[in-house]
Each structure stands twice: as C-alpha cells, then as structure tokens.
Number of protein chains: 2
Amino acid sequence: MSETIGARQAQRHKTRRALLDAALSLLEEQSLGSLGLREVTRVAGVTPTAFYRHFRDTEELGIALVDEALQSLHATVRSTLAASGEAAQRIDTTVDLMAELVREYPAHIRFIVRERHGGVRRVREAVSGQLDAFAREVAERLGADPLGAGWSADDLLMLARLYVDHMVMTVSAYLAAGPDDGEWAAVTRTARRQLRLIHAGRLHWPVGRARPEPDAL
Amino acid sequence: MSETIGARQAQRHKTRRALLDAALSLLEEQSLGSLGLREVTRVAGVTPTAFYRHFRDTEELGIALVDEALQSLHATVRSTLAASGEAAQRIDTTVDLMAELVREYPAHIRFIVRERHGGVRRVREAVSGQLDAFAREVAERLGADPLGAGWSADDLLMLARLYVDHMVMTVSAYLAAGPDDGEWAAVTRTARRQLRLIHAGRLHWPVGRARPEPDAL
DNA sequence: CAAAATAGGAGACAGTTGTGCACTGACTGC
DNA sequence: GCAGTCAGTGCACAACTGTCTCCTATTTTG
C-alpha cells in the first residue's frame with residue numbers, strides 16, 4: 001500500500017545508521033576531531049568510499065549526531081518540564097529524568113557534553129545553538145509560571161541559562177559516576193539540593209525588592 | 001656563583017616552552033586528542049625527535065599544560081576570593097576577575113574548558129581532580145564565612161561545586177563572546193545576576209525547614 | 001684541557017590517513 | 001522487461017603520522 005519504504009532506501013538508511021552508531025561508539029573514548037573516516041567505516045562494516053554517499057566528512061557526521069541527540073532529548077525534556085505540581089516534586093522529577101536520560105542514551109549525551117566545547121567549530125556552534133534555543137524555551141515556560149510573573153524577559157533568560165547549564169553539569173556528573181556506585185546517588189543528592197537552592201533564590205528575586213508572596217518564610 | 005641556571009638547562013627550558021606554546025596555540029582550534037606530535041614540533045621549530053626529550057607523547061604534554069594552567073589560575077583566584085567586603089561587591093569583583101583571566105590567558109583557559117570533558121582520559125581526570133580540589137578549597141572558605149555558619153560540610157561542598165561550575169560556564173561564555181562586542185558586557189551582566197540569585201538562595205537555606213508551604217499538593 | 005654528557009638534528013621505517021577513479025550488481029520507474 | 005539509477009566495492013595514490021637508530025655540536029666536569 002505504501003511505497004514510502006523502498007528496499008533501496010531501506011538499505012541506505014541501514015548503513016547510515018551503522019555509520020552513526022559506529023561513530024557514536026568510537027566517540028566514547030575520543031573526540032570528534034580525532035575521529036577518522038576510515039576508522040568509522042571499519043567499525044560500521046563498510047568500505048571507506050561508502051562513507052561519502054552519506055557525509056562529506058566526519059564534521060558533517062558530527063552535525064548529524066548533534067541533531068539526532070538533541071532532538072530526542074529535547075522532546076523528552078520538554079514533556080517532563082510541562083508537568084505541573086509542587087516545586088520540590090518537580091525538581092526531583094527533573095533530576096530523575098536526567099539520570100534516566102544518561103542511563104538510556106549515554107553515548108549521545110557524552111557526545112553532546114564533549115563537543116559542546118570541543119575542537120570542531122561547526123559542531124560546537126550546532127550544540128550551542130540548540131542549547132540556546134532550549135534555554136529560550138525554558139525561559140518562556142518560566143514566564144508562564146506564576147512564579148515568573150513580573151520578571152523581565154532578560155531575567156527569565158538569565159535564569160533559564162542557569163538551569164540549562166546546571167542540567168548539562170548534572171548529566172556530565174552522572175556520566176563520570178559509575179552506574180553501579182553510590183556515587184550515582186550522591187550526584188542525585190547534590191543536583192537536587194543545588195536546584196532547591198536556586199529555587200530559593202528565585203523566590204527572593206530581585207534581591208532587594210519584596211515579593212508578592214504571602215510571607216513565604 | 002656557579003649555582004646559577006646553566007646554559008644547558010636554559011636551552012632545554014627554552015625548547016620546552018616552545019613546545020608548550022606551540023601546543024597551546026594549536027589547541028585553540030582543535031582538541032588534544034587530534035594534536036600530532038610532529039605538528040607541535042613543526043610550529044615550535046624543532047625536530048620530532050627533540051619532542052621525546054621532554055614528553056613521552058602528546059598526552060603527557062597535555063597533563064603538563066593542565067598543571068601550568070590551573071596552577072597560575074588557582075593562585076590568582078584564591079587571592080581574589082580571600083578579599084572581604086559586601087556580597088554584591090565581591091560578586092562583581094569575582095566576575096571581573098573571570099573576564100580578566102580570559103583576556104590574559106585565553107589559550108590556557110580554552111584548553112581547560114575543552115579538555116574538562118575531552119577525549120583523553122588522563123587529561124580529563126587531571127582537570128577534574130584539580131577542579132575538585134579547588135571546589136573543596138572554596139567550600140572551606142565558605143565555611144569560614146559568617147554566612148556559612150550552621151551549614152553541613154556536605155551542603156558547603158554542594159554550594160562550592162555550584163560556584164565552581166558557574167565559574168567554568170562563565171569563562172566559557174567569555175571565550176565564546178568576541179572581545180570587542182557588547183556581547184562581552186552581556187556575559188558580565190548575566191554572570192553577575194546569576195551569582196546574585198544564587199546568593200539570595202544561600203541566604204534562605206535550608207529551604208523547607210520550619211516553613212509551611214502555601215499550598216502543598 | 002680532554003673526556004663524558006646531553007640537547008637537538010638527519011634520515012629512514014612501516015603504518016595509516018583522506019580521496020580519487022572505474023566498476024558491479026541490485027533496485028525502480030517507464 | 002529493460003535501461004537507468006545508485007549504494008556500495010576494489011584498488012591505487014600521495015601525504016602524513018609516530019618512532020627508531022645513528023650523528024653532531026656544545027656544555028659540563030674532573
């Protein structure tokens with residue numbers, strides 16, 4: 001019924017995936033700049049020339065990986081942030097989500113964290129761009145929250161950036177911790193309390209001014 | 001009189017510096033993992049063989065760079081953090097210090113930020129280790145502050161980590177901003193306000209204790 | 001002042017890299 | 001059902017890499 005599949009495109013997509021997966025696994029122990037085209041094809045089980053049918057060079061492959069990683073991540077995080085409830089609960093849920101993401105897509109997340117400040121300009125810019133867009137979205141959501149009433153757009157973005165950066169630091173900490181250790185639990189504890197502290201600051205912002213809050217302390 | 005430097009050691013030290021500087025300049029546009037031994041010696045103006053007289057491989061050179069970068073940075077930051085005064089003023093001074101560091105040692109700082117999550121394990125661990133030690137020192141200082149009275153050691157470290165991570169994010173933002181732009185000023189503004197917000201949270205910590213939430217779920 | 005020490009250089013080695021070219025064989029639209 | 005498309009192969013090439021062994025020139029030392 002649907003001609004959308006096509007045995008040809010199926011094969012094409014399959015080797016493309018093989019290339020992406022090969023790169024992803026190799027990138028667990030090196031960075032994109034040192035990733036060789038041949039190296040990738042060797043692991044993927046295809047010849048070097050086949051690589052060119054999909055990507056001009058490893059840089060372009062990297063950009064594809066950025067899109068892939070941040071797209072799925074974006075969707076997941078967005079749906080979770082949309083949940084409402086009490087602040088403390090939302091903080092816990094968010095941190096748990098980070099942990100789950102790291103457990104489920106370690107390679108993707110490691111790649112993003114690594115290449116965010118990595119040596120390949122265009123990939124770095126791609127990551128920064130997506131993270132900026134994400135921060136803007138978070139800012140918008142913060143503005144919709146009753147707590148964000150009266151905040152300037154600038155302040156909202158400032159806070160959103162803090163949250164996003166903290167998110168990256170947290171997933172990075174999870175990655176550094178072995179999955180078995182109690183180190184993992186320590187990361188959770190620290191991340192939660194840091195978010196609670198930031199939240200406390202948020203309740204008393206701007207610093208000098210009194211908040212329209214029924215004496216929250 | 002003969003205990004002076006010695007012409008031989010002087011020459012040795014000179015080419016060692018040349019190697020480090022060459023690497024540092026090359027690392028502005030790539031990461032350590034892709035840094036070639038020959039590449040470094042070419043820029044340094046020596047032969048590949050001379051490299052071995054100083055470092056076993058580029059990894060070892062990287063570790064030397066970590067020490068060099070974080071040692072001077074550590075000293076500078078420590079002296080500035082030691083200054084006392086009003087909180088708002090100290091925040092401004094700290095952020096100004098970050099800006100100054102980036103302006104003065106851009107290559108060193110870029111290297112640290114990049115290799116913190118980079119592809120070379122031992123270098124990554126070296127950076128993390130130094131940053132952890134730095135965080136512990138900050139925690140100790142926070143504990144000495146009257147504001148830190150009554151905080152658990154765990155909470156102090158949690159806050160110190162937040163500060164150190166924020167510091168790294170800030171210098172990274174400065175690096176990404178062109179030195180001429182008004183972007184630079186924007187980074188300063190954002191960093192200051194983020195620190196003020198964290199400071200506000202610090203004043204109201206711990207959060208939930210003996211404090212009735214308005215409408216718990 | 002001669003002999004030992006040593007920072008650095010010359011050249012060569014095998015291995016790897018990215019990329020071009022001609023080719024094959026399966027799929028697909030007409 | 002046939003001709004064209006195209007994903008993937010095989011092979012070759014020059015360039016580059018890390019590392020080896022010898023060699024040179026200058027400093028140090030007894």
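Chain identifiers are assigned alphabetically (A, B, ...) following the order of the sequence lines, protein sequences preceding nucleic acid strands; residue numbering begins at 1 within each chain. On a predicted model such as this, the values are computed, not experimentally measured, just so you know.
Below 30°, between 30° and 60°, or above 60°: for A:Phe51 and A:Phe55 the angle between ring planes is between 30° and 60°, a tilted geometry.
When A:Asp145, A:Leu159, A:Leu142 are each tested for a side-chain contact (heavy atoms from CB on, under 4.5 Å) with A:Trp151, only one passes: A:Leu159.
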Output side-chain donor-acceptor pairs under 3.5 Å for residues 190-197 of chain B, partner residues at least two apart or in another chain, one line each.
residue	atom	partner	partner atom	Å
B:Thr190	OG1	B:Ala186	O	3.1
B:Arg192	NE	B:Asp92	OD1	3.4
B:Arg192	NH2	B:Asp96	OD1	3.2
B:Arg193	NH1	A:Asp155	OD1	2.2
B:Arg193	NH2	A:Asp154	OD2	3.0
B:Gln194	OE1	B:His166	NE2	2.8
B:Gln194	NE2	A:Met158	O	3.0
B:Arg196	NH2	B:Asp92	OD1	3.3

Distance-only criterion, 3.5 Å: show the donor-acceptor pairs between side-chain atoms of residues 15-22 of chain A and protein atoms not counting sequence neighbours.
residue	atom	partner	partner atom	Å
A:Thr15	OG1	A:Arg12	O	3.1
A:Thr15	OG1	A:His54	NE2	3.2
A:Arg17	NE	A:Asp21	OD1	3.3
A:Arg17	NE	A:Asp21	OD2	3.4
A:Arg17	NH1	A:Glu68	OE1	3.0
A:Arg17	NH2	A:Asp21	OD1	3.0
A:Arg17	NH2	A:Glu68	OE1	3.4
A:Arg17	NH2	A:Glu68	OE2	3.2

Show me the side-chain donor-acceptor pairs of residues 83-91 of chain B shorter than 3.5 Å, one per line, residues at least two apart or across chains.
none

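With sequence neighbours excluded, no residue forms a ring-ring contact (aromatic ring centres under 6.0 Å, His included) with A:Tyr163. Among residues two or more places apart in sequence or in another chain, the ring-ring contact (aromatic ring centres under 6.0 Å, His included) test is passed with A:His13 by none. With sequence neighbours left out, A:Thr188 forms a side chain to side chain donor-acceptor pair (under 3.5 Å) with A:Tyr174. Listed by chain and number, the residues in a side chain to side chain donor-acceptor pair (under 3.5 Å) with A:Glu137 are A:His74, A:Arg78 (sequence neighbours excluded). Legend: residues meeting side chain to side chain donor-acceptor pair (under 3.5 Å) with A:Thr41, ordered by chain and number and at least two apart, are absent.
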Could you write out each protein N or O paired with an N or O of nucleotides 27-30 of chain D at a distance under 3.5 Å?
residue	atom	partner	partner atom	Å
D:dT27	O2	B:Arg8	NH1	2.9
D:dT28	OP1	B:Ala7	N	2.9
D:dT28	OP1	B:Arg8	N	3.1

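Checking the phosphate oxygens (OP1, OP2) of D:dG8, a side-chain nitrogen or oxygen of A:Gln11 falls inside 4.0 Å.
Less than 4.0 Å separates DNA chain C from at least one heavy atom of each of the following residues of residues 24-42 of chain B: B:Arg38. Residues of residues 14-23 of chain B having a heavy atom closer than 4.0 Å to DNA chain C, listed by number: B:Thr15. Using a 4.0 Å cutoff on non-hydrogen atoms, the parts of residues 51-68 of chain B near DNA chain D are B:Tyr52, ordered by number.
Remark: A:Gln71 CD to A:Thr76 OG1 distance equals 10.0 Å, nearest 0.5 Å.
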Are B:Leu131 and B:Arg116 close enough, and set up right, to give a side-chain contact (heavy atoms from CB on, under 4.5 Å), and what steps lead you there? CA-CA 9 Å; B:Leu131 249 38; B:Arg116 181 183 190 187; 3.5 Å; yes
